[in-house]
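Right, one structure below, let's go through it.
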Amino acid sequence: MVYMLLGTGFEETEAIAPVDLLRRAEIPVLTVGLNGKTVYSSHNIGIEADITVGEMDLTDLSMVILPGGRQGVDSIRSCKEAMEALRFAWNNGKFVAAICAAPTVLADLGITDGKNATCYPGFECGMGNARIIADTACVQDGKLITGTSAGCSIPFGLKLIEVLKGKQAADAVAAQIVIH
């Protein structure tokens with residue numbers, strides 16, 4: 001199972017676009033509300049999460065995804081269960097993905113140390129000992145996938161499909177949405 005963690009103040013595009021793409025590829029993904037089932041985004045759009053953080057089943061985990069949004073990132077940091085899920089995923093060889101400001105949460109946990117990564121421009125100082133790759137939509141380093149910004153949500157989502165289901169599946173979804 002893939003879990004997209006949604007804390008109050010998450011960036012809509014960075015959450016919804018990857019979830020949509022993953023579902024188009026028929027990859028099981030659930031949105032996870034960190035502050036209840038209804039979560040309000042950075043632009044005050046209420047989203048009904050599929051489950052709450054306490055309902056996650058980490059025994060069936062393949063990936064955890066973090067969207068950005070400054071307040072959303074703060075929500076993730078302040079949620080003990082979310083941080084424990086990230087640690088569990090990383091320590092058990094699962095994929096961990098984050099976009100925009102959210103890679104800094106992974107840096108807090110030491111996940112990005114010594115790894116190639118990207119983040120929203122200006123947040124590099126919060127990336128610990130990561131090797132920052134600038135001017136790219138997303139970066140994969142083993143089981144770590146990071147994306148730059150809301151404008152990079154489609155390439156980020158396609159990369160998630162590629163690592164979970166292969167390049168052919170990612171290319172099929174790219175063709176379906178007519179990305180150039």
Side-chain angles (χ1 to χ4, degrees), residues 1-22 27 29-34 39 41-42 49 53 56 58 61-164:
M1 180 62 61
V2 175
Y3 293 115
M4 168 70 75
L5 304 185
L6 302 178
T8 301
F10 72 91
E11 166 47 56
E12 303 88 336
T13 304
E14 296 165 1
I16 302 304
V19 167
D20 173 67
L21 296 175
L22 289 163
I27 295 170
V29 59
L30 293 174
T31 56
V32 180
L34 303 187
V39 187
S41 69
S42 60
V53 68
M56 285 191 305
L58 299 181
L61 176 68
S62 58
M63 178 184 284
V64 178
I65 309 168
L66 308 179
R70 187 175 290 233
Q71 289 178 323
V73 167
D74 290 343
S75 293
I76 294 166
R77 276 192 177 100
S78 66
C79 179
K80 181 182 175 190
E81 290 170 297
M83 298 299 278
E84 287 174 359
L86 289 165
R87 277 189 202 94
F88 178 89
W90 188 252
N91 291 337
N92 287 280
K94 308 302 180 184
F95 285 102
V96 177
I99 188 168
C100 197
T104 62
V105 174
L106 304 181
D108 292 349
L109 296 171
I111 292 171
T112 62
D113 286 349
K115 300 281 188 186
N116 293 325
T118 192
C119 62
Y120 190 79
F123 280 74
E124 296 87 355
C125 62
M127 290 296 293
N129 294 318
R131 292 186 300 268
I132 299 299
I133 310 296
D135 300 321
T136 188
C138 63
V139 174
Q140 178 185 0
D141 190 334
K143 299 281 186 166
L144 172 67
I145 301 155
T146 51
T148 303
S149 64
C152 301
S153 296
I154 299 293
F156 178 73
L158 292 172
K159 176 56 79 174
L160 302 180
I161 294 169
E162 183 180 327
V163 302
L164 291 169

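Positions are given from 1 along the sequence.
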Given I161 and I27, is the side-chain contact (heavy atoms from CB on, under 4.5 Å) satisfied, shown in steps? CA-CA 8 Å; I161 294 169; I27 295 170; 4.2 Å; yes

So do the side chains of Y3 and I65 get within less than 4.5 Å of each other, counting heavy atoms only? no

Using a 3.5 Å distance criterion without hydrogens, assess whether the side chain of D20 forms a donor-acceptor pair with backbone atoms of I16. no

Spacing of SG belonging to C100 relative to CZ belonging to F156, to within rounding of 0.5 Å: 10.5 Å

May I ask you to decide if N129's main-chain N or O and D113's side chain share a donor-acceptor pair within less than 3.5 Å? yes

Among P103, C119, P121, S153, which one satisfies side-chain contact (heavy atoms from CB on, under 4.5 Å) with T148? P121

I'd like to know if the side chain of E12 pairs up with that of S41 as donor and acceptor (distance under 3.5 Å, no hydrogens or angles considered). yes

Without hydrogens or angle criteria, can the side chains of T8 and S75 be said to hold a donor-acceptor pair below 3.5 Å? no

d(F123 CZ, T104 OG1) to nearest 0.5 Å is 7.0 Å

With a 4.5 Å limit on heavy-atom distance, are the side chains of C138 and T146 in contact? no

Is the backbone N or O of G68 less than 3.5 Å from a side-chain atom of E11, with the two atoms forming a donor-acceptor pair by type? no

Evaluate the side-chain proximity of V96 to K143: yes if any heavy-atom separation is below 4.5 Å, no if none is. no

How close do G33 and V39 get, heavy atom to heavy atom, and via which atoms? CA-CG2, 3.6 Å

To the nearest 0.5 Å, tell me how far C152 SG sits from L158 CG. 12.0 Å

Indicate yes or no for a side-chain donor-acceptor contact from S62 to the backbone of M1 under 3.5 Å, with no hydrogens or angles considered. yes

Considering all heavy atoms of both residues, which atom of L5 and which atom of I76 are nearest to each other, and what is their separation? O-CD1, 4.5 Å

Minimum side-chain heavy-atom gap Q140-V163 below 4.5 Å: yes

Quick one: CG on L86 to CG on N91, what's the gap to the nearest 0.5 Å? 10.5 Å

Output, in order, the C-alpha distance, side-chain angles, deciding distance and verdict of side-chain contact (heavy atoms from CB on, under 4.5 Å) for W90 and L144. CA-CA 9 Å; W90 188 252; L144 172 67; 4.0 Å; yes

Between V64 and A85, which heavy-atom pair has the shortest distance, and what is it? CG2-O, 4.5 Å

Run the side-chain contact (heavy atoms from CB on, under 4.5 Å) check on I154 and L21 step by step: do they pass? CA-CA 8 Å; I154 299 293; L21 296 175; 4.0 Å; yes

Within the 4.5 Å heavy-atom criterion, are R131 and T112 side-chain neighbours or not? no

Residue pair F95 / G142: nearest heavy atoms and the distance that separates them: CE2-O, 3.9 Å

Backbone of I133 reached by a side-chain donor or acceptor of T118 within 3.5 Å: yes

For E124, look at atom CD and say whether over 12 heavy atoms of other residues, nucleotides or ligands are found less than 6.0 Å away. yes

Set out, in order, the CA-CA distance, both residues' side-chain angles and the distance that settles side-chain contact (heavy atoms from CB on, under 4.5 Å) for V53 and C79, then state yes or no. CA-CA 9 Å; V53 68; C79 179; 4.3 Å; yes

Please report the interatomic distance CG(L106) to CE(M127), rounded to the nearest 0.5 Å. 7.0 Å

Are side-chain heavy atoms of L6 and L34 found at a separation under 4.5 Å? no

Rounded distance (nearest 0.5 Å) linking atom CZ of R77 with atom CG of L109: 9.0 Å

Taking every heavy atom of A49 against every heavy atom of V32, the minimum-distance pair comes out as CB-C, 4.0 Å

Are the side chains of L58 and L61 in contact, using a 4.5 Å heavy-atom criterion? yes

Does one side chain, of S42 or R70, offer a donor that lies under 3.5 Å from an acceptor on the other? no

Carefully, step by step, assess E162 and K159 under the rule salt bridge (charged side-chain N to carboxylate O under 4.0 Å, His left out). CA-CA 5 Å; E162 183 180 327; K159 176 56 79 174; 3.5 Å; yes

I want to check something: taking the side chain as every heavy atom from C-beta on, are V105 and L66 in contact at a cut-off of under 4.5 Å? yes

On a heavy-atom basis, which atom in S149 and which in Y120 lie closest, and how many Å separate them? CB-CD1, 3.9 Å

